[in-house]
Asks: 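Provided herewith is a single structure, encoded as structure tokens, for subsequent inquiry.
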Amino acid sequence: MKKVPRPFPARVPVGRPGGRGSTPLGRWLLANRVAPEGPESAETHSKTHAWWKVMTLTGVDYFSSLSYLPGIAALAAGALSPLATLLIVALTLGGMLPMYRRIAKESPHGQGSVAMLERLLPFWRGKIFVLVLIGFVATSWIITITLSAADASVHLLENPYAPAFLSGQAVTVTIVLLAVLGFVFLLGFSEAVSVAIPLVALFLVLNAVVVGAGIAQLAANPVAIGDWVARLGAAHGTFLDAVRTAAIAFPLLVLGLSGFETGVSMMPLVSASGKTKAQRLASRIRNSKRLLTTAALIMSVYLVGTSFVTTVLIPPAAFEEGGEANGRALAYLAHELLGNAFGTAYDISSVLILWFAGASAMAGLINIVPRYLPAYGMAPEWSRAVRPVVLVYTGVSIVITIAFNADVNAQAGAYATGILAMMVSGAVAVVFSAIRAKQPAAIAGFSLLVLVLGYALVSNVIEKPDGIAISGLFIAGIVAISLVSRIFRTTELRVDRIDFDAEARALIDDVLDNDRGLNVIANQRQAGDEDEYREKEAAQRGMNPVPNAANVLFLEVEVADPSQFSRVLTVRGHKIAGYSVLRVESPAVPNAIAAILIALRDTTGLRPHCYFEWAEGNPLGHLFRYLLLGTGDTAPVVREILRELEKDPARRPAIHVGG
């Protein structure tokens with residue numbers, strides 16, 4: 001007989017199916033996987049960079065909105081565009097920056113406000129809430145990809161040197177840009193920071209030149225300022241009327257705030273100094289706050305300057321649909337003030353940074369699925385791989401582009417809805433954070449921010465209901481796919497490893513020394529006293545083929561949070577009136593029992609036998625109890641999990657059911 005190893009190990013890896021693909025194509029698709037697997041990721045394994053370098057990666061999303069935001073502001077507020085932009089700047093510096101600095105402190109591993117809110121709602125309520133938030137996040141970042149690509153197409157097609165055959169082909173050009181973006185990620189996207197630095201630097205310098213040329217033009221021709229003032233007076237009789245119009249317009253201008261959530265998600269890329277983990281974490285938080293503050297200050301200056309020169313110098317009709325400045329106000333000025341050569345350089349810079357803004361959003365999307373959904377069992381195994389996810393997101397982006405006809409203005413509502421929903425959730429998260437910290441001033445300030453952002457969200461939904469409709473489709477799709485995936489993955493082992501405490505190992509060793517076999521009785525603990533175990537053992541010996549002389553191990557699983565999907569199990573041993581009892585907490589009873597039986601088999605080389613009795617009640621009722629509560633008619637589910645995991649019946653732990 002094979003000698004059973006002693007002592008029983010304290011840690012037993014169990015593992016889940018690798019899902020690496022059985023064909024060359026499958027192996028290629030599943031080769032590159034995202035490392036994080038859950039909301040908490042203590043240390044990053046990615047290459048880190050100085051905070052200002054990571055700021056440029058955030059900036060390809062944040063700063064690139066300068067390409068289209070002045071035009072959207074002019075359409076939304078007319079001559080009042082600079083005033084509406086000032087409201088955005090005030091909101092940026094007085095509300096959004098303090099909020100995201102706090103989120104960076106409390107969520108320093110890139111989880112953002114979603115993880116902060118997840119902690120407030122336990123069990124299934126928290127999971128469904130996270131799925132809804134992920135739907136809004138997906139909306140904003142998918143629309144970031146499509147809107148940025150569409151605006152890049154506008155800059156390309158409106159250039160005077162653009163080939164004539166491209167005229168009227170905005171949708172086709174945008175789809176090509178999206179396909180190229182997806183192709184880059186399929187090949188393997190790395191060193192994004194190194195690419196972002198020159199793109200952002202060049203784009204900001206060219207924008208500064210355009211703004212400077214615009215101010216010089218106004219200084220030489222102050223009549224334009226007089227015309228603008230006259231337009232203000234004609235359109236808005238009183239100061240209060242002007243403020244009201246600007247307040248109504250500013251919800252659409254939140255596209256200028258898009259970089260904050262991206263900035264927080266990039267925190268793991270920020271380098272940190274320090275000898276201990278705590279010191280490095282504190283350093284990363286400080287550097288990330290510098291990143292957010294610097295980006296906000298730069299963007300605020302550019303928002304004010306670009307909004308002013310475009311509103312004053314560009315005729316209002318040029319902003320309308322079909323106008324030369326529609327979706328490309330600064331590019332229009334670059335050509336008008338500095339000539340076609342400089343304007344072409346600006347167009348090229350805009351096309352590149354807008355295209356790369358899609359890359360930044362794609363990187364954020366790739367991290368959403370493995371960060372949350374696999375931990376909930378709400379995404380298939382292949383969703384951990386980069387390439388299949390890239391194909392899905394690219395396909396969705398192409399569908400959205402066709403649906404919106406590659407129109408920047410038409411997508412602004414959906415984008416603003418997603419951005420505002422994320423910001424409202426962030427504001428709510430920091431309000432609860434301030435409440436926990438007992439900070440009255442912060443509570444009042446962030447509560448006001450919730451109201452302001454809530455107003456902007458509601459106003460945007462009323463003005464452009466297609467935005468909430470698109471978000472609703474994303475949310476419904478994510479929830480439906482997640483629940484279906486959870487159902488199909490219920491019979492997976494769902495355990496990575498099992499830890500056995502000293503008493504549990506001693507009990508197992510004792511049984512092995514006496515019997516050279518493993519006989520396990522599954523028990524749902526009631527009183528947990530001597531009478532319970534004596535009666536349970538007698539009943540099982542009466543209904544199942546438990547060897548007469550064999551010592552038995554009682555195995556008890558207590559359901560902790562059934563909405564979780566997988567976790568590391570810790571088995572604790574107890575000796576109760578001479579009976580050997582193993583106890584463990586798990587999200588689901590059958591999966592834990594199956595994992596422990598596999599661990600016993602793999603460690604000892606023996607085939608465990610586990611004994612059950614049939615549960616009373618309707619089988620369908622047991623099925624729903626298992627799906628929602630992690631328990632039910634345990635025996636057949638344990639057997640099915642083992643059957644899927646181990647194809648050889650001779651090596652499969654034996655399941656006996658009586659009664």
Side-chain angles (χ1 to χ4, degrees), residues 63-92 147-148 150-152 154-155 158 207 210-215 217-218 221 223-236 241-258 299-337 343 346-347 350 354 407-413 415-416 419 456 459-460 463-464 467:
F63 301 143
S64 67
S65 62
L66 293 171
S67 293
Y68 49 80
L69 193 61
I72 292 176
L75 280 176
L80 279 172
S81 174
L83 179 56
T85 302
L86 284 175
L87 292 178
I88 290 294
V89 170
L91 181 64
T92 297
L147 185 146
S148 297
D151 198 49
V154 170
H155 284 78
E158 292 294 330
N207 274 280
V210 174
V211 172
I215 293 174
Q217 177 73 10
L218 292 174
N221 183 24
V223 175
I225 296 180
D227 293 340
W228 172 59
V229 173
R231 281 192 284 136
L232 279 177
H236 312 284
D241 289 336
V243 171
R244 187 181 304 111
T245 301
I248 292 172
F250 103 93
L252 278 179
L253 306 185
V254 293
L255 282 76
L257 304 175
S258 61
M299 189 62 172
S300 296
V301 171
Y302 273 92
L303 281 174
V304 173
T306 57
S307 175
F308 178 72
V309 297
T310 54
T311 302
V312 175
L313 289 174
I314 299 177
F319 290 111
E320 299 294 335
E321 185 174 352
E324 294 181 350
N326 182 257
R328 57 185 298 274
L330 286 167
Y332 174 90
L333 282 185
H335 284 274
E336 287 291 315
L337 299 179
Y346 184 90
D347 286 337
S350 297
L354 285 165
D407 188 332
V408 174
N409 295 323
Q411 297 178 71
Y415 184 30
I419 290 290
S459 177
N460 184 79
E463 179 69 21
K464 290 185 175 288

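In what follows, residues are counted from 1 in the order of the sequence shown.
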Asks: Kindly indicate whether the side chain of Y346, heavy atoms from C-beta on, has any atom under 4.5 Å from the side chain of N207.
Replies: yes

Asks: Ignoring hydrogens, what is the shortest heavy-atom contact between A150 and Q411? Give both atom names and the distance.
Replies: CB-NE2, 3.8 Å

Asks: Are E320 and L75 side-chain neighbours, meaning at least one heavy-atom pair lies under 4.5 Å?
Replies: yes

Asks: Rounded to the nearest 0.5 Å, what separates atom CG in L330 from atom OG1 in T310?
Replies: 6.0 Å

Asks: Where do S300 and T92 come nearest, in terms of heavy atoms and distance?
Replies: OG-CG2, 4.0 Å

Asks: Measure the CG-OH distance between L313 and Y332 for me, rounded to the nearest 0.5 Å.
Replies: 9.5 Å

Asks: State which residues pass salt bridge (charged side-chain N to carboxylate O under 4.0 Å, His left out) with D151; sequence neighbours excluded, sorted by chain then number.
Replies: none

Asks: With sequence neighbours excluded, tell me which residues meet side chain to side chain donor-acceptor pair (under 3.5 Å) with S307.
Replies: S81, T85

Asks: To check you understand the geometry: which heavy-atom pair defines the closest contact between F319 and G71, and what is its length?
Replies: CD2-CA, 4.0 Å

Asks: Find the distance between CG (L303) and CZ (F63) and round it off to the nearest 0.5 Å.
Replies: 10.0 Å

Asks: Do you know which two heavy atoms are closest between L218 and A224, and how far apart they sit?
Replies: CD2-CB, 3.8 Å

Asks: Give me the atom names and distance for the closest heavy-atom approach of S65 to P70.
Replies: O-CD, 4.2 Å

Asks: Begin with the C-alpha distance, continue with both residues' side-chain angles, and end with the deciding distance and a verdict on side chain to side chain contact (heavy atoms under 4.5 Å, CB included) for E158 and D347.
Replies: CA-CA 9 Å; E158 292 294 330; D347 286 337; over 6 Å; no

Asks: If we only count heavy atoms from C-beta on, is the S350 to R328 side-chain gap below 4.5 Å?
Replies: no

Asks: Minimum heavy-atom separation for F308 to P82, with atom names?
Replies: CA-CG, 4.1 Å

Asks: Do Q217 and L337 have side chains that approach each other closer than 4.5 Å (heavy atoms only, starting at C-beta)?
Replies: yes

Asks: Determine, stepwise, if the pair L91 / L87 fulfils side chain to side chain contact (heavy atoms under 4.5 Å, CB included).
Replies: CA-CA 6 Å; L91 181 64; L87 292 178; over 6 Å; no

